[in-house]
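Right, one structure below, let's go through it.
First listed ligand is number 1; within each ligand, the first listed atom is number 1. Only heavy atoms go into these numbers, but all of them, side chains included; no hydrogens, no water, no symmetry mates. Source: prediction; values computed, not measured.
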Amino acid sequence: MQNLVLLGGGHSHAIALRLLGLNPLPQVRLILISDVMEAPYSGMLPGHIAGLYSHQECHINLLKLANFAQADLILDRAVSLDLEHQLVICQNHVPVPFDYLSIDIGSTPATNLISGAEYAIPVKPVPQFLEDWENFLEEIKVIKQSDRLSLPKIGIVGGGAGGVELALTMQARTDCKIHLCHRSSTLMSGYVPDIGHKFAQLLQQRGIKLHLNQTVNAITEDISNKALHCNSGLTINCDRIFWVTNATAPDWIKNSGIATDIQGFIAIDHSLRSLSHPNIFATGDIATIKDDPRPKAGVFAVRQGKPLYQNLRRVTLGKTPIPFYPQKQHLALIGTGDGRAIAVRGRIMIGASKLLWIWKDRIDRKFMAQFVRL
Ligand SMILES: Cc1cc2nc3c(=O)[nH]c(=O)nc-3n(C[C@H](O)[C@H](O)[C@H](O)COP(=O)(O)OP(=O)(O)OC[C@H]3O[C@@H](n4cnc5c(N)ncnc54)[C@H](O)[C@@H]3O)c2cc1C
C-alpha cells in the first residue's frame with residue numbers, strides 16, 4: 001500500500017479529489033491534510049463580499065469531498081516537511097508519512113516588512129478575512145441605523161486584480177469611501193498597461209480614491225483611527241485596512257530543502273513535479289513552473305487539477321508523468337460588485353455589463369455544482 005498525501009484543499013486538489021473519487025487508485029491510501037473544513041472558491045469570493053453569494057455557495061465542503069474520494073481527512077495545519085524521512089509535520093497531528101506528496105496550499109499577501117502590519121486585515125487566510133469582514137458589515141449596519149452620518153473609511157493596499165475587484169465589491173456593498181494604494185504607476189500588474197488605465201478610470205468614476213506610485217511602509221493605530229504611511233510621506237487615515245499585495249510562500253517550504261524559485265515558491269516542471277523531489281507534486285499559487293511561470297490566479301490552479309490527477313495516477317502505477325502546458329493568456333471575468341462584470345483577455349477589455357456577469361455566474365455555479373452533486 002502506498003501513501004498519497006494531498007496537502008491543502010486548494011482548487012487543484014478539489015478537482016483531483018473528485019476525479020480520484022470517480023476513479024479510485026488501487027493499492028493507495030489517500031490522505032488529505034487541510035487546515036479548514038470548507039475551502040473557499042476564489043472565483044466567487046468577491047461576489048460573496050458583495051453580498052451576491054452565501055458562504056455555502058462559495059465554499060467546497062472538504063469532508064464530503066474526502067469521503068467521496070475515500071480519503072482520510074486530517075484537519076490540521078502543516079508546519080514543515082521532513083523530506084529525508086518523507087513526513088509532513090503538522091501542528092497537532094502526529095507526522096504523516098508519504099510515498100507521494102502533492103502540495104496545493106495557496107499563498108498569502110506579503111506583510112512581513114511592514115511596521116504595524118497587525119493593524120491590517122490580510123485577505124488570506126480567507127476564513128479570518130471573512131470573519132473580520134462580517135464584523136465590519138455589522139458595524140456599518142449599526143452606523144446606518146443610527147444618526148451618525150459618516151461611514152467608516154476603507155484602505156486597500158495592493159492594486160492587482162484582487163485589490164481592484166475587492167475595492168469595487170466593497171464599495172458596492174457598503175457605500176464607504178475607499179482609498180486604494182498601489183506601488184506602481186499602473187493598476188493590475190500582469191495585464192497590459194492599457195487595461196490598468198481603463199480600470200483606473202472605472203474606479204475613479206465610482207468615487208474610489210486611487211493613490212498610485214505609493215508604497216505603504218507602515219500602519220499606525222491610535223484611539224480614533226488607523227493610518228497608512230507611504231514612502232512619499234503621504235498619510236491616509238482609514239478605519240479598516242485590507243491587505244491584498246503580491247502573493248508570498250510560507251518560510252517552512254523553503255526551509256524544508258525542496259527546490260524553490262527566488263521568491264520561495266516550489267519550483268516544478270511541466271508535469272507539476274518538484275525539480276528536486278520527484279515524488280512531490282505542487283500546483284496553484286504555491287508552485288512556479290521553471291522558466292515558464294503563470295500568474296498566481298485561481299484559474300491556473302483550476303486548470304492544473306485534471307493533469308495533477310492524471311500524473312498522480314500515473315506515478316502510483318509506476319508510469320512516467322506527462323507534461324501539461326497551460327495557456328499563456330486567459331480570459332479573466334472580473335466582477336464589479338454591482339451585478340455586472342468585465343471581461344479581459346490580453347489587450348481586449350469588454351464591459352462592465354450585466355450579460356457578462358450572468359455568464360460568469362453560470363461558469364462559477366457550474367464549477368461549484370460538481371462538488372455538491374457527487
Ligand atoms: C480578493 C481576491 C480575489 C481573487 N479573485 C480571483 C478571481 O476572481 N479569479 C482568480 O482566478 N483568482 C482570484 N484570486 C486569486 C486566487 O485566490 C488564488 O490564485 C487561488 O485561490 C489559488 O488557488 P490555490 O489552489 O493555489 O490555493 P487556495 O485556494 O488558496 O487553497 C489553499 C488551501 O490550502 C489550505 N492551507 C494553506 N496552508 C496550509 C497548511 N499549512 N496546512 C494545511 N492546509 C493549508 C488553505 O486553508 C486553503 O484551503 C483572488 C485573490 C484575492 C485575494
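Contacts of Lys296 with ligand 1, taken as heavy-atom pairs under 4.0 Å, involve the backbone alone. Contacts between Tyr41 and ligand 1, counted as non-hydrogen atom pairs separated by less than 4.0 Å, are absent for every part of the residue. Under 4.0 Å from ligand 1, the heavy atoms of Asp76 that appear belong solely to its backbone. Contact annotation for Val123 and ligand 1: only side-chain heavy atoms (C-beta onward) come within less than 4.0 Å of the ligand.
With hydrogens and angles left out, the side-chain atoms of Asn23 and Tyr309 include a donor and acceptor closer than 3.5 Å. In summary, the side chains of Asp82 and His85 do present a donor paired with an acceptor at a separation below 3.5 Å, with no hydrogens or angles considered. No side-chain donor from either of Asn61 and Gln56 sits under 3.5 Å from a side-chain acceptor of the other. For the residue pair Arg303 and Gln327, a side-chain donor N or O sits within less than 3.5 Å of a side-chain acceptor on the partner. Checking Ser271 against Asn311 by side-chain atom types alone, no donor-acceptor pair falls below 3.5 Å.
Looking only at protein heavy atoms, the nearest one to atom 47 (O) of ligand 1 is Asp35 OD1, 2.6 Å. Regarding atom 8 (O) of ligand 1, its nearest protein heavy-atom neighbour is Glu165 OE1, 3.5 Å. In terms of protein heavy-atom proximity, atom 40 (C) of ligand 1 is closest to Ala78 N, 3.7 Å. For atom 6 (C) of ligand 1, the nearest protein heavy atom (residue, atom name, distance) is Ser42 O, 3.9 Å. Summary of contacts: the protein heavy atom closest to atom 21 (O) of ligand 1 is Lys124 NZ, 3.2 Å. From the protein, the heavy atom lying nearest to atom 49 (O) of ligand 1 is Val36 CG2, 3.5 Å. For atom 2 (C) of ligand 1, the nearest non-hydrogen atom of the protein is Gly162 CA, 4.0 Å. The protein heavy atom nearest to atom 15 (C) of ligand 1 is Gly298 N, 3.9 Å.
The N/O atoms of His11, backbone and side chain alike, include one that comes under 3.5 Å of an N/O atom in ligand 1. Below 3.5 Å of separation, one finds no N or O of Pro40 facing any N or O of ligand 1. Checked by distance only, ligand 1 and Asp104 come closer than 3.5 Å through their nitrogen or oxygen atoms.
Clustering of Ile, Leu, Val, Met, Phe, Trp and Tyr by side-chain heavy atoms under 4.5 Å joins Leu87 with Val79, Ile89. By the 4.5 Å side-chain criterion applied to Ile, Leu, Val, Met, Phe, Trp and Tyr, Phe300 is assigned to a cluster that also includes Val299.
Not a single heavy atom of Pro125 sits closer than 4.0 Å to an atom of ligand 1.
Just one residue in the list His48, His59, His11, His55 forms a ring pair (Phe, Tyr, Trp, His ring centres under 6.0 Å) with Tyr41, and that residue is His11. Each of Lys360, Lys366, Arg362 was compared with Asp364 under the salt bridge (charged side-chain N to carboxylate O under 4.0 Å, His left out) criterion, and only Lys360 meets it.
Residues His211 and His182 keep their aromatic ring centres 6.0 Å or farther apart.
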